[in-house]
Structure formats: C-alpha cells, structure tokens
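Note sheet for the following structure.
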Amino acid sequence: MAKSIPNISEAEWEVMNVLWESAPQTANDVISALQERTDWKPKTIRTLLDRLVQKKAVGVNQDRRVYTFFPLYSREECRRAEAQSFLSRIYGGALKTMLVQFIQDQPLSEEDIKELRSILDRKPNRAQQDAGKSAESENSKERNPHSGT
C-alpha cells in the first residue's frame, strides 16, 4: 500500500522547498533561508515547521543538542500527490478536461508541442494497458492452474 502523503499548504510548501534544497537543517537555518525570501517572523516559520512535523511530512533528528529537520517525502512525491488532489477537486478526476483547459489557455512553443507529442506517443492507451493486464492474468493462471478457479 502506498504511503499517504499529507496535504501541504502553500506556506508549508515554502518550508519544504528550503528543506529539499538542503537537509537536514536546524530551525534557525530554515528561518534564515525563509527570511531572505519572505517577510515572515521566526515564530511563524517555527509554527509551520511544527505543523509539518505533526503532519509527518517532516522528520526531526533529536540526537544532538540542536534538533535538525528533514523532509520525509521527496519533492516529486509531494508534487504527484498535489496534482492528484488538484485534478480530483477541480476537475472531478477528468484528466482530459484539465489538459484541454491548460492547452487552450497557455501559449505553447513548437518545442513544447514536440515534447508533448513525444510523451503521448510513448504513453500506452487504456486498451493497451487492459490487454497487458489480461495477458498477465492469463500467464499467472498458466503458471498456477489451481489459483482462482
């Protein structure tokens, strides 16, 4: 079973970005990095760090006198979870509707279009995926004829 990635607020993403850039970091390291990019007070940043720890998005190393913080999920894992949440909430899970909306609303360069075509050409369609699952199931039955029947 895949691990459930917690929902991360926009402000918490800023903290996560700092930790993904370099981890582990002390709270003071995170505060310094964020104060260069935001006008947040140290107490706000500590609250965000504490929330991320409570959500189990960030871990704490308490082995030393000064605690250090590190992300428990990769940036890519969090992006995927956020994209799935967005797709589900805003587009009812309809990927095609979302893609059409973005493609119609955003200008695409010739390079963008080539890259998208290349991705789509490599992507198996639903019929190909179903055929692959069916073949896997048949192969499994041949190896173990007593399972499932």
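Only this structure's heavy atoms are used, side chains among them; waters, hydrogens and symmetry mates stay out. Numbers here simply count residues along the sequence, with the first being 1.
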* Look at the side-chain heavy atoms of Ile, Leu, Val, Met, Phe, Trp and Tyr, link any pair under 4.5 Å apart, and say whether Val53 and Trp13 land in one connected group. => yes
* Does a side-chain heavy-atom distance below 4.5 Å link Lys56 with Pro6? -> no
* Rounded distance [0.5 Å steps], CE in Met16 versus CZ in Phe69 -> 12.5 Å
* Atom CG in Leu52, atom CG in Leu72: separation rounded to 0.5 Å? -> 9.5 Å
* Asked: To the nearest 0.5 Å, what is the distance between CG (Leu116) and CG (Leu99)?
  -> 8.5 Å
* Asked: With no hydrogens and no angle check, is any side-chain donor or acceptor of Trp20 less than 3.5 Å from a backbone partner on Tyr73?
  -> yes
* **Sub-4.5 Å side-chain heavy-atom contact between Glu14 and Leu48** => no
* Structure fact -> The single option from Lys114, Arg122, Glu115 that satisfies side-chain hydrogen bond (donor to acceptor under 3.5 Å, both in side chains) with Ser118 is Arg122
* Considering all heavy atoms of both residues, which atom of Ile8 and which atom of Glu82 are nearest to each other, and what is their separation? -> O-OE1, 4.2 Å
* To do: Determine whether Phe70 and Leu19 make a side-chain contact, defined as any pair of heavy atoms from C-beta on separated by less than 4.5 Å.
  => no
* **Val18 backbone acceptor or donor facing Gln25 side chain under 3.5 Å** => yes
* Examine the side chains of Ser32 and Asp29 and answer whether a donor and an acceptor come within less than 3.5 Å of each other. => no
* Which side chain to side chain donor-acceptor pair (under 3.5 Å) pairs, counting each pair once, include a residue from residues 94-113, with sequence neighbours left out? -> Gln101-Asp105, Ser109-Asp112
* More than 12 heavy atoms from other groups under 6.0 Å of CZ on Arg75 -> yes
Just distance, no hydrogens or angles: give the donor-acceptor pairs under 3.5 Å from side chains in residues 84-92, sequence neighbours left out.
from: Ser85; atom 1: OG; to: Arg89; atom 2: NE; distance (Å): 3.0
from: Arg89; atom 1: NE; to: Ser85; atom 2: O; distance (Å): 3.4

* Distance-only, no hydrogens or angles: does the Glu12 side chain make a donor-acceptor pair with backbone N or O of Ser9 under 3.5 Å? -> yes
* Short question: side chain of Lys55, backbone of Asn7 - any donor-acceptor pair under 3.5 Å? -> yes
* **Path from Ile103 to Leu120 over hydrophobic side-chain contacts below 4.5 Å** => no
* Can you measure from CG (Leu34) to CD1 (Ile45) and round to the nearest 0.5 angstrom? => 4.5 Å
* Report yes if the side chains of Leu49 and Val30 come closer than 4.5 Å at any heavy-atom pair, otherwise no. => yes
* Inter- and intrachain pairs under side chain to side chain donor-acceptor pair (under 3.5 Å), touching residues 33-45, at least two apart -> Glu21-Arg37
